[in-house]
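Within every chain, numbering begins at 1; the chains are lettered A, B, ... in the order of the sequence lines, protein sequences first and strands thereafter. As the structure is a computational prediction, the values presented were derived from the model and not from experiment.
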Protein chains: 2
Amino acid sequence: MNEIDKKLLDKEVRPTAMRTLVYQQLAKQNTAVALTDIELAFTKADRTTLYRTVKTFEEKGIVHQIDDGTGISKYALCEPGCNCEIENDLHLHFHCSNCDKTVCLTEHKIPQISLPDGYVAEDVNLVVKGICSDCSGS
Amino acid sequence: MNEIDKKLLDKEVRPTAMRTLVYQQLAKQNTAVALTDIELAFTKADRTTLYRTVKTFEEKGIVHQIDDGTGISKYALCEPGCNCEIENDLHLHFHCSNCDKTVCLTEHKIPQISLPDGYVAEDVNLVVKGICSDCSGS
DNA sequence: AATTATAGTGCAATGGAAGTGCATTAACTT
DNA sequence: AAGTTAATGCACTTCCATTGCACTATAATT
């Protein structure tokens, strides 16, 4: 059994051929990808399957969903350092308005936020928009 | 001429009847509203008109658009303290996962974010999700 | 090994929101 | 009042997310 299947099993996801391939594909990326991107990579598979595969991954904590403000959900593998479910360990995301790519800045943690009385925080989402290093040419 | 029309003119927006009404409606809210909400408040007006009205307001700095992660754009009037266009003066938003309302926490500014080399920030969006004061019952 | 149960996949269709083109109407200008 | 420009309403399109149902593959049971 390969590494990926072990990881899937570890997260209580049955490692089907499709799921292994999708995981592989996600692991290749250095940016967060939209469902459409995955679709393009697997022209033979159905969109619904990919959709549900990613949803399953998300529920089981294998990927995290990113809302970068484009209106299109992006997904990225949860890295070892990415404990999405643990508060105060959330990283921020950067969306480049030039190349339209979204990257996880895993090492950049979101600072503690103070809220007014009565507000209970459960999740924090921080997206910075601008020009990424590839596009700024520096 | 009433107060609202003065404000619209001040922002270089011609104060039509529709626009004045939409402004009025937005001023009534204490939460950010979706286009659908505005639509429901003006059943006689066309959705496109409301859509374009809000777009115009946004372009002219009368309202700001909020992406609270639900995938539906919300809008809220820019308050005197809300200088959306000026960087580092962005406030954060809170989305209640119980009542599904989004509020502007105008007094809570977003802290300065440090980015890796080559990244240029143009806009920052910070949304906290959780339970609002109305729903937490405290 | 055959049978049953469960989970995964593919196809088709729906729904919701955003956005566009064009004709009509209202509002300003001279 | 005539002409120009902006605003509005209607119809339509597009895009992504999501669901229902049938079919297939996988795992469990006998």
- Task: Report the distance from atom CD1 of A:Ile72 to atom P of C:dG19, rounded to the nearest whole Å.
- Result: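 About 11 Å, once rounded to whole Å.
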- Message: Distance check needed: C:dG16 P versus B:Glu39 CD, whole Å only.
- Response: 11 Å
- Item | Separation of B:Leu77 CG from B:Gln25 CD (nearest 0.5 Å) |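 Atom-to-atom, B:Gln25:CD and B:Leu77:CG are 10.5 Å apart.
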- Item | Pairwise distance OG1(A:Thr49) to CZ(A:Arg47) - rounded to 0.5 angstrom | 11.5 Å
Which residues pass the side chain to side chain contact (heavy atoms under 4.5 Å, CB included) test with [X], sequence neighbours left out?
X: A:Glu58; answer: A:Lys55, A:Val63, A:Gln65, A:Tyr75
X: B:Leu50; answer: B:Met18, B:Val22, B:Leu35, B:Ile38, B:Glu39, B:Phe42, B:Ala45
X: B:Thr48; answer: B:Asp46, B:Arg52

- Note on the structure: In 5'-to-3' order, the base (B), backbone-only (S) or no-contact (-) status of each nucleotide in nucleotides 7-13 of chain C, using a 4.0 angstrom heavy-atom cut-off, is SSBBBB-
- Query: Can you name the closest pair of heavy atoms from A:Phe94 and B:Val120 and give their distance?
  - Reply: CZ-O, 3.6 Å
- Item | Residue pair A:Arg19 / A:Leu8: nearest heavy atoms and the distance that separates them |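 Shortest heavy-atom contact: CB-CD1, 4.1 Å.
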- Item | Summary of salt bridge (Lys or Arg N to Asp or Glu O under 4.0 Å) pairs that have at least one residue in residues 64-76 of chain B, sequence neighbours excluded | B:Asp68-B:Lys74
- Taking 5' to 3' order, which nucleotide of DNA chain D is first and which is last to have an atom within less than 4.0 Å of a heavy atom in chain A?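 Boundary nucleotides touching chain A, in 5' to 3' order, are D:dC16 to D:dA27.
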